[in-house]
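A short worksheet on the structure shown next.
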Amino acid sequence: MTNPDTKTERYESAGEPVDEPLVQIRDLVYCRGERTIFDGMDINIARGKLTAIMGPSGTGKTTLLRLIGGQLRPDAGTVHVDGQSVPELGYRPLYELRKRMGMLFQNGALLTDLNVFDNVAFPLREHTQLNETMIRDLVLMKLHAVGLRGARDLMPSELSGGMARRVALARAIALDPMMIMYDEPFTGQDPISMGVLVSLLRTLTDALGLTSVVVSHDVQESLSIADYVYVISAGKVVEHGSPDDLRQSQSSWVQQFIQGKRDGPVPFHFPATDYADDLFGGGS
Amino acid sequence: MLDQLQKLGATALGVAERLGRGHLFLWHVLGGFPALLPRFGMVITQLFSVGVLSLLIIAVSGLFVGMVLALQGYNTLVDFGATESLGVMVALALVRELGPVVGGLLFAGRAGSALTAEIGLMKATEQLSAMEMMAVDPLHRVVAPRFMAGILAMPLLAAIFSALGVIGGYFVAVGLLGVDEGAFWSQMQAKVDLYEDILNGVIKSIVFGFVVTWIAVFEGYDAVPTSEGVSRATTNTVVHGSLAVLGLDFILTALMFG
């Protein structure tokens with residue numbers, strides 16, 4: 001299996017310099033109350049690539065994105081984005097960094113009092129001095145890229161879940177960021193919307209030269225578009241490599257996860273007392 | 001016994017921690033006020049939803065409170081042959097107390113609860129998080145305009161409450177009970193002082209507007225992002241906002257008129 005750290009080597013065999021990873025996470029520890037979410041996790045996100053982070057529900061995938069975006073602070077370890085230590089950034093440098101990051105939330109998180117056009121225009125109006133004509137052109141270009149130029153006057157309540165995510169995607173690329181983080185982009189989508197989103201993620205990553213981080217437990221969709229995959233569970237990286245590496249993994253846990261097997265190292269039944277005893281014991 | 005003490009201590013610590021967070025929140029929101037001046041349109045938009053949409057309940061309540069005051073006051077004053085003082089009594093009661101206090105209570109119920117629910121739902125649907133990730137501070141972009149609108153709207157609403165109360169009192173006193181119109185207005189004009197009565201009432205309403213709006217926006221921002229959490233935060237706004245208005249009214253009245 002490919003070690004992701006090999007991708008951080010400064011030089012390829014041909015002597016060409018290789019960029020440092022855009023995101024470097026080292027020895028990450030994060031606890032919520034008594035529960036340890038991450039316990040010494042190391043992750044590299046390569047520049048210009050689409051990296052998928054997969055794992056069962058409740059393993060902290062969304063929390064990981066919030067740690068990268070500086071919305072949460074780790075209890076230990078480091079999170080570097082483009083060479084800057086995110087937890088140590090002050091208010092202004094953090095907001096400056098976020099201008100170069102986009103995030104697509106699970107439900108789109110569109111501003112409900114603004115229509116589609118104004119939602120996409122929102123970051124442009126907040127962060128640039130562009131005139132309205134220029135903003136209009138940029139918004140229409142971004143909406144065209146996600147296929148929703150004709151929906152510009154709709155309100156968020158009039159959009160389907162898939163359309164809302166595409167509008168949110170147009171908003172996320174409005175400022176031409178260096179990186180976009182996608183939080184469960186495929187959850188709850190019908191097959192057509194799912195296909196559209198899968199294709200969009202790959203196309204935008206390639207066309208705009210973006211670094212994409214996709215957090216998902218939709219295995220087949222993620223493996224079909226990712227350049228590199230991390231599988232996390234119980235606060236640690238349990239496997240990482242290219243999608244092909246993962247498919248050939250010797251780990252029975254990984255095989256159960258990617259094939260969606262009912263039983264395996266992760267048992268179907270939550271730990272409990274004996275079934276017959278429970279039924280006929282008559283106890284509490 | 002020890003358990004009870006432990007619970008009491010934990011509750012006290014929780015309250016102190018929340019008060020601390022509330023003050024830090026206030027400090028951060030006030031820091032966003034200067035940036036609102038070149039974009040005052042955002043405040044105007046919020047003034048509409050906080051102020052204009054509260055007008056109906058404020059106007060109707062003011063009118064009826066003034067009418068009831070005149071009826072009750074007449075029954076007392078008539079025994080002393082002092083019905084000409086009815087206008088003064090109605091005006092002073094409204095301007096000094098009922099305008100700011102009842103206006104504040106209604107403001108907490110109508111506008112405060114709406115502010116909390118709106119901000120709480122924005123939090124629950126991750127709109128605030130999305131703004132943060134777009135490098136837009138929600139405390140400055142969402143909370144600050146609503147806060148400023150609340151502070152500006154409350155004195156205006158209290159003034160409208162008092163004005164309509166006086167008009168309601170006039171209809172009942174002069175139209176229904178036959179009090180002399182000239183005495184009603186002239187005594188009011190002579191006895192109601194601009195600084196002593198009206199200005200103190202305005203100060204009260206500004207303080208109530210500040211505190212109620214602070215409670216409302218903080219409860220919304222601090223709400224647990226679930227439907228139950230938003231519901232609880234909305235209830236907290238009405239209860240805490242109303243109690244704050246009543247408690248502060250006593251303190252301010254003691255300072256101003258005591």
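Numbers restart at 1 for each chain; the letters A, B, ... are given by sequence-line order, proteins then strands. Nothing here was measured: the structure is a model prediction, and the numbers come from that model.
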Practice task
State, without any angle test, whether B:Glu228 and B:Thr226 hold a side-chain donor-acceptor pair at a distance under 3.5 Å.
Solution key: no
Exercise for the section: Check whether NZ of the Lys or CZ of the Arg A:Arg98 lies under 6.0 Å from the centre of the six-membered ring of A:Tyr95 and within 45 degrees of that ring's axis. Expected result: yes
Handout entry: Among the listed options B:Met131, B:Met122, B:Glu118, the residue most often paired with chain A at heavy-atom distances under 4.5 Å
Key = B:Met131
Exercise for the section: Identify which part of A:Arg100 has an atom lying under 4.5 Å from any heavy atom of chain B, answering side chain, backbone, both or neither. Expected result: neither
Problem - Centroid-centroid distance, B:Trp214 to B:His240, less than 6.0 Å - result: no
Handout entry: Which atoms of A:Leu110 approach chain B - backbone, side chain, both or neither, heavy atom under 4.5 Å
Key = backbone
Problem - Closest-packed option against chain B by number of heavy-atom pairs under 4.5 Å, given A:Glu96, A:Arg171, A:Glu126, A:Lys99 - result: A:Glu126
Handout entry: Heavy-atom side-chain contact between B:Phe210 and B:Leu26 under 4.5 Å
Key = yes
